[in-house]
Amino acid sequence: HVQLVESGGGSVQAGGSLTLSCAAGRHTYERNCMGWFRQRPGKDREGLAVLWIGGATTTYADSAKGRFTASQDLDKNTVYLQMNGLTPEDSAMYYCAASRFYPVRWYSPAEYDYWGQGTQVTVSS
């Protein structure tokens, strides 16, 4: 079982930045990719970005392109989501997730096996 712990959420004013972290615990060999998701009140969970562990490829949803950057530190078993230019519409609970496989539909929560507890991001206008 992969344990994921997110951190870095908080409150920020519009235009500000936050960096989220997701630390993976034991059994890291069970992860082949890591996804970042968010869920706004009353909305479905939305895929933002996916990183292939140890690879150079990162894929972003349109809502994240140009503002969000996902990265990884293999030595620390940690992935990050740098978010810039935040707007109130970015207010949500943010989650990281791990998949044992290489999902084609990386943006679908159903493709992931393990989830963190989430970290809240609130952007005020």
Can you find a heavy atom in the side chain of [X] that is under 4.5 Å from one in the side chain of [Y]?
X    : Y    : value
S21  : K76  : no
E46  : R40  : yes
P103 : C33  : yes
V12  : S17  : no
I53  : N32  : no
F101 : E111 : no
F68  : D90  : yes

If you round to the nearest 0.5 Å, how far is [atom2] of [Y] from [atom1] of [X]?
X   : Y   : atom1 : atom2 : result
Y80 : S7  : OH    : OG    : 8.5 Å
T19 : N84 : OG1   : CG    : 7.5 Å
T87 : R67 : OG1   : CZ    : 5.5 Å

Let me check something: do [X] and [Y] share a hydrophobic cluster, defined by ILVMFWY side-chain heavy atoms less than 4.5 Å apart, either directly or through other members?
X   : Y    : value
W36 : L74  : yes
M93 : Y112 : yes
L81 : L51  : yes
M34 : Y94  : yes
V50 : M83  : no

Parallel, tilted or perpendicular for W52 and Y102, by the 30°/60° rule?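 Tilted: the ring planes of W52 and Y102 meet at 30° to 60°.
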Under 3.5 Å side-chain donor-acceptor pair for S124 and Q13: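 No.
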For D62, give me all partners under salt bridge (charged side-chain N to carboxylate O under 4.0 Å, His left out), at least two apart in sequence or on another chain.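 For D62, the residues satisfying salt bridge (charged side-chain N to carboxylate O under 4.0 Å, His left out) (neighbours in sequence not counted) are K65.
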Checking Y107 now: which residues fulfil side chain to side chain contact (heavy atoms under 4.5 Å, CB included) with it, not counting sequence neighbours?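 Expected list: R105.
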Can a donor-acceptor pair be found, under 3.5 Å and without considering hydrogens, that links the side chain of [X] to the backbone of [Y]?
X    : Y   : answer
D113 : S99 : no
T122 : S91 : no
Q3   : A24 : no

Where is the tightest heavy-atom contact between [X] and [Y], given as atom of each residue plus distance?
X   : Y   : value
G8  : L18 : O-CD2, 3.8 Å
L48 : A64 : O-CB, 3.6 Å
T57 : T59 : CG2-OG1, 4.1 Å

Go through the structure and list residues passing side-chain hydrogen bond (donor to acceptor under 3.5 Å, both in side chains) with E6, not counting sequence neighbours.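 Result, side-chain hydrogen bond (donor to acceptor under 3.5 Å, both in side chains) vs E6: none returned.
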